[in-house]
Enquirer: 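Following this message is one structure expressed as structure tokens.
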Amino acid sequence: MNKKSLIFIFLVTILFSFKLLELSKTKKDFIYVVPKIKNFEVLERNIGEYTLSPINGNILKEKIEQRNFLNGSLFYNVPNGEYLLQGKYKGDSDEYILKKQKNWEKIYLNLEGVKFSKMQEIFLNFLTVCLIGFNIFIYLNSRHRIPKGNSLRVIFFLLIGKMLFSLRIGFQNNYLIIAEYAITRILLFLLIFYFLENILSKKFKKFRIFIWCCLGVVYFYIIVTLLILYSPQFYVYLLEESPKFLNTIRIARKAVDLTRIIFVITIFQFFIQRRKVRKKISFSWIVVGITYFVLEFFRELFPAERNLYYFIELMEISYIYWCLVFYIFKIYTENVMRAIRYSIGATLSYISLFYFETLTEPAVILGTIIILDFYTNIFENIIKYKNEAIDKIYNRLCLVRDIKTFEKILRKEILKNVTLKDLEIKVLLDPEEYVNFIVENDDSDVVIPKEMIKLEEYSSAYRIGFNENKYIALIFIEEGDTPLTIEEQNFLLDLSDKISSIVSKIRLDSLYEELI
């Protein structure tokens, strides 16, 4: 989406919001109750039970009406006077005596539901800090591959911001609630925009229109929700003046969500690339797909475990982000994969402690170890490309004696195994000849991004090196409508490494013939 469109939408939103807030300023005689329940998404409803009882006998309780409001409750038709406010949630209770003298009041109740000791609180925060540290470690080891100005850099800092909000701290106010809600939605919007721009082919116009329509619906109810968070008077205005509109917003919220839009896009993308997946690892992809489905629809599958929703969403967003980074920039180093294992461990440990409220559950610890070991093998099976095709190509190229024949055969074999729009192979007799094709870099990566290629018609290149010579050949590729799969990327990486000795031999033979 271009800047002019964004500016236009932003200005319309500001004017629209200002007008609605002005209309709702006249609403009064209500009390908004917010529970101080840590690590709950603001949109979670029906959390806790609340009662408001007049202390003054002249006030009739029957006239007071109650509505669930986001993750709290709202009482309206409440005249000024003294009241006893009571709240209950999962065996925890709190009460507050207030004297209503203003048009409306906002009251926080200390309801945690799940109680932890001071030591457990410290350990939970320690696990959160570890999770943040692991993500920063992965980012520092991969940021050189992410171009400057790429939106994935911004998304990472928003992701860290989301994680910081998961720290168990007692301080809470309306502005922090709005900030967390806004950061999460901006983060998800940017992820979807990145999918549309870099993953989903532009030829699927009808599907893209469908996604944009869904985004429009989500954006509309997000603005309404932010206005409600900023001014509960606006919620009372909708209750009294336009209840049908409010019900429509609620239905839209239940049916369409940003994480579900990402889920739909990934399923669609996998469907159009299903023929590229090897049958040998189809089970691994099925396991990943089922896991993703469980994470995304955890609310519907396990409605009673709502205290886990927040962390499930955080884990889901984190994994989506790093899958994008690894997929787009082809980053699969051993250190990065190790950090991912530890981050999964920290997340699962946090959730198990948060849920079972103890560190002495052997079943949970054993289950965590089994899950980590199982999924480590699953992801390694997907990422590692084991194919006899590379050995066959190597054996065939061993018989080649001249550069032109080598380039011709290699090109033909690559196109057999990888779906590409265009391909060009350059064997470099002079190791310094690479400067004619790419800009200077640190030679640490086999994959060379588009920004460093002087040949504009190609999207990336694979460097072939041998011993001290970092550049003895280059494989330039132009991807088609659909990006390369992980298997195709690893095929090119393994092939580049496997044939390096053959390229070196052919170069030396050609140089020797020139001397003769």
Enquirer: More than 12 non-hydrogen atoms from neighbouring residues, nucleotides or ligands closer than 6.0 Å to CZ on F297, yes or no?
Expert: yes

Enquirer: Pair E413, K416 - check salt bridge (Lys or Arg N to Asp or Glu O under 4.0 Å), show working.
Expert: CA-CA 5 Å; E413 294 296 333; K416 279 184 183 179; 3.7 Å; yes

Enquirer: Parallel, tilted or perpendicular, judged at 30° and 60°: which one describes the rings of W322 and F156?
Expert: perpendicular

Enquirer: So for atom NZ, which belongs to K454, do other residues, nucleotides or ligands contribute more than 12 heavy atoms lying within a distance under 6.0 Å?
Expert: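 Check passes, neighbour count above 12.
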
Enquirer: Does a side-chain heavy-atom distance below 4.5 Å link I267 with F271?
Expert: no

Enquirer: Kindly give the heavy-atom pair with the smallest separation between E180 and K162, and that separation in Å.
Expert: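 Closest approach of E180 to K162: OE2-NZ, 4.2 Å.
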
Enquirer: Could you tell me whether the side chain of K505 reaches within less than 4.5 Å of the side chain of R401, counting heavy atoms only?
Expert: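 Sidechains of K505 and R401: in contact.
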
Enquirer: How are the rings of F268 and F204 set relative to one another: parallel (under 30°), tilted (30 to 60°) or perpendicular (over 60°)?
Expert: perpendicular

Enquirer: Should the pair F189 and Y219 be assigned to parallel (<30°), tilted (30 to 60°) or perpendicular (>60°) ring geometry?
Expert: perpendicular

Enquirer: Would you find more than 12 non-hydrogen atoms of other residues, nucleotides or ligands less than 6.0 Å from E456 atom CD?
Expert: no

Enquirer: For F157 and Y139, take the angle between the two ring planes, folded into 0 to 90°, and tell me which bin it lands in: parallel under 30, tilted 30 to 60, perpendicular over 60.
Expert: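 Perpendicular, since the angle between the ring planes exceeds 60°.
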
Enquirer: Flag yes if more than 12 heavy atoms outside K450 fall under 6.0 Å of its NZ atom; otherwise flag no.
Expert: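 Yes, because the 6.0 Å sphere around NZ of K450 holds more than 12 heavy atoms from other groups.
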
Enquirer: Under 6.0 Å from the NZ atom of K404, do we count more than 12 heavy atoms belonging to anything else shown?
Expert: no

